[in-house]
Amino acid sequence: MDKDLILLFLQQGIVSGMVVGSVYALLALSIVMIFKTSEVPNFAQGEIFMAAGYCALFLLVFQATPVWLAVPLTLVVAFAGAALFRRVVLTQVSRASGSPVNLVIATLGLSYVLKGLVRRTGFGDTPRSFPALVSTDGVMIGQASITRLDVAIFLTALAVMAFLFCLFAYTKVGRAMRAVGMNPKAARLMGVDLQRIHMLVWGLSAVVSAIAALLISPKILMTAEMGGIVTMAFAAAIVGGFTSLPGAVVGGFVIGIAENLVGLFISSRAIVVAPFVAIMLVLIVRPQGLFGGRVAIKKV
Amino acid sequence: MPELRTPLLSVENLTIAFGGLVAVRDFSIAVAPGTIHALIGPNGAGKSTTFNCISRLYRPNAGRILFDGQDITRLPSSAMAGLGIARSFQNLELFNELTVYENILIGAHCHCGASLRDRLSARPPHLAAEIDRIIERTGLGAYRETKACNLDFGHQKLLELARALAIRPRLLLLDEPAAGLRNREIAILDGLLTDLARRDGLTILLVEHVMQLVMSISDRVTVLNFGTKIAEGTPQEVKSNPAVVEAYLGKETALHG
Amino acid sequence: MRFLAIAVAAAVLIALPLVTTGYVVYLANLLLTFTVLCLGMHIVIGETGQFSLAHAAFYGIGIYAAGIAGTTFGTPFPVSILIGGLAASAIGFVIGMVALRMRDIYLALATFAFGEAMQWVFLNWNAVTGGPNGLRIAPARLFGLELVTDKDAYPFVVATAIAMLVLTVIVARARLGRSFRAVRESEIAAQAMGVPVRRTKVVAFGISAFFAGIAGGMFTLFSTYIHPDSLGFQTTILVLTMVVVGGLGSIGGAVGGAIAFGLISELLRQAPSFQEIAYGAILIVFMMYAPKGLFAFLADRFRGARHA
């Protein structure tokens, strides 16, 4: 491989990687948000993402709803669905046993229900394409070629991240969410309504995943299996330490770029297995991830 | 004079820090065999930290821990039982879903025997008499097949002790054994611990806030404050030590209670 | 009560091939195989309390190892089954060593990642597994005997399943089983009692993988073909669902769950989307209202009714 080609591949890999990485970062943020507040890795995050994508598809294509209505409607549905799941199902699960294993199993259950529901509607049977909301004309960045859509994806994702950071840093409800993540008992003593915060976090996480779905869906063929993309987000979250929001963002970009470089330099077949290998390697070599703190010492 | 004998446990110049925070500084203690030694001090004085370090849950930053002359500072926590060091936990660490009998049987993990038959046995016969004795001694006779989580708090505390006894300990480390107990239960504990030390020759190191128990059973008392030792001596000596009274300012009633 | 259950089970197992057709026997073979998978899952998650989401991978390793041994090298089938079990447990031990470093949640993620990576290996290692074309498995042999039909294989499948059930009971009653439960209930206390927590976890992983590998070997007794598609995450979830439905932490629950949910699952096969919804809904409902499983739930109700 000559030098020019390597340079071209590198540029293309990094630029494309930033675009899809920004979407992984959003999904990783949704996962970490929930994990930080409820200690549950939400195995249904991919299916929430998928279901939100189908909800938007249904509204836009089958109901011909205008974009300005379809997008907020999708986000509202995602928020309500996730908050309701947290309120109705997980509250009862923790009351019944309280073991984290049981909570995880319940999220696995949700992932199957959502997948089955989408298939049931009939939309999930054949791959479908999602209408692009932004033109797909080409844009050159250095020698790398991407589309206007890609630029829009990247900028929207950044805007969402900025919004989240402002929310957690400067608003009362955001600070309450962080407090719950750090010490739920203390937060409750300070007058934080845990139930409400949990619902808000789940709802917010689903909204972020739904935005990720709206962004990436035009670039891929939609199937009921598209939630599998969440594996990349889990890999990103793990790289970032699983409890760090900035870590999730960096992890998303790392995984996105790594994926594209692996695809360009090694083979596209290797892409599929790369995130799993990455997850295992990170967990073996540095279980706390790149950004996670030291594992806390349990007080006995 | 017990302090003239070679100590069973001696901790030398122990320092433990978490991050930049020094929890225990240059702490030494010698526990003579067959005695009951209490470690007291106000909340946050570093008692439990010291305790968890002796039972090898935490790694000290400096200092060493000797048990019967052997340096155990670098040994893993799971090696303690085999040496004859048993401990109980402040916030109860019982095997909740298992029965009282099974809890105690797991305490006897190191004594189950090496032969295949012993290893496969659900209730090794050679341990039956010993476990029965422990159950009787701790007054758990009526609850043999009760799940640990279904016991009331007082009996759970006793089960922690029973399980520790199944280790056949030479040194018993008790982390606040009386916390949360009612007076009647404390009296039972008092009798039991005294009996274990006087009759069975067990050495006991306990961290405790209930002064009534500490003053009644201890041969020696060591007082920690802000991670350093401020006093040591017999219960009477410690009680009248001005530094101790000051550390407990506002807690004088508790000290004399 | 227990004696009655065993007697009924024995009668059903004996009568089954005499009174039914090939399909039912095939189904029985499959359910017994899943029973062994469930027993393995029970050991790691029910007894030891460690999350493992790589069960399908170990099952697959067992199938390929036993299948290739029998088909390519013509080993007699008891040897093939054992090869399947040992191959899976060897890798299970390695995964267990890695797992030492992690706690619950990370363990779930790591084993999940390992499972997915293994499925990729099955799908892409064409020279060994046949890759996307799948692998043809020759009929199992032992001396002159050749197992061609489901009914031929049935007695051996039953015998293996019973042997594994007995093994599970032995392990659970032994000191090792107590160590497993001690680790599940409190790692800190287990350590203080002298239970080597890390080693115990590795052993649990290894044994669980051994069971899955043996189940893979059982599969080669009555099946002629394996494709990597059936060795993915959904198979792990199926096994997990069975164990949860039966009751986490009890051997009877693992067996009962495998049989009960295996039948439900077979009924639902006609409508894949319903099957998914049903799996999911069952997991959710059980976690909400019967976290200890169907049998414990019924027992509670029964007891409640009697007291009332």
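All chains are named by letter (A, B, ...) in the order of the sequence lines, taking the proteins before the strands, and each is independently numbered beginning at 1.
Neither the backbone nor the side chain of C:Ile282 comes within contact range of chain A, judged by heavy atoms closer than 4.5 Å. Within the 4.5 angstrom heavy-atom criterion, atoms from both the backbone and the side chain of C:Gln234 approach chain A.
Contact record, C:Leu240 with A:Leu108: CD2-CD1, 3.8 Å, taken as the closest heavy-atom pair. When every heavy atom of C:Met288 is checked against every heavy atom of A:Val88, the shortest pair comes out as CE-O, 3.7 Å. What you find for C:Ile284 and A:Ala106 is that their closest heavy atoms are CG1-O, 3.6 Å.
Two residues are said to be in side-chain contact when any heavy atoms from C-beta on lie closer than 4.5 Å; A:Phe43 and C:Leu53 meet this criterion. The side-chain heavy atoms of C:Glu116 and A:Thr231, taken from C-beta on, include no pair separated by under 4.5 Å.
A:Arg95 contributes atom CZ, which lies 8.5 Å from atom OH of C:Tyr289 (distance to the nearest 0.5 angstrom). The structure places CE of C:Met287 at 11.0 Å from OG1 of A:Thr107, a figure rounded to the nearest 0.5 Å.
Annotation for C:Phe295: atom CZ counts as buried by contact number, over 12 foreign heavy atoms lying within 6.0 Å.
Taking the six-membered ring for Trp and thresholds of 30 and 60 degrees, A:Tyr112 and C:Tyr279 have ring planes inclined between 30 and 60 degrees apart.
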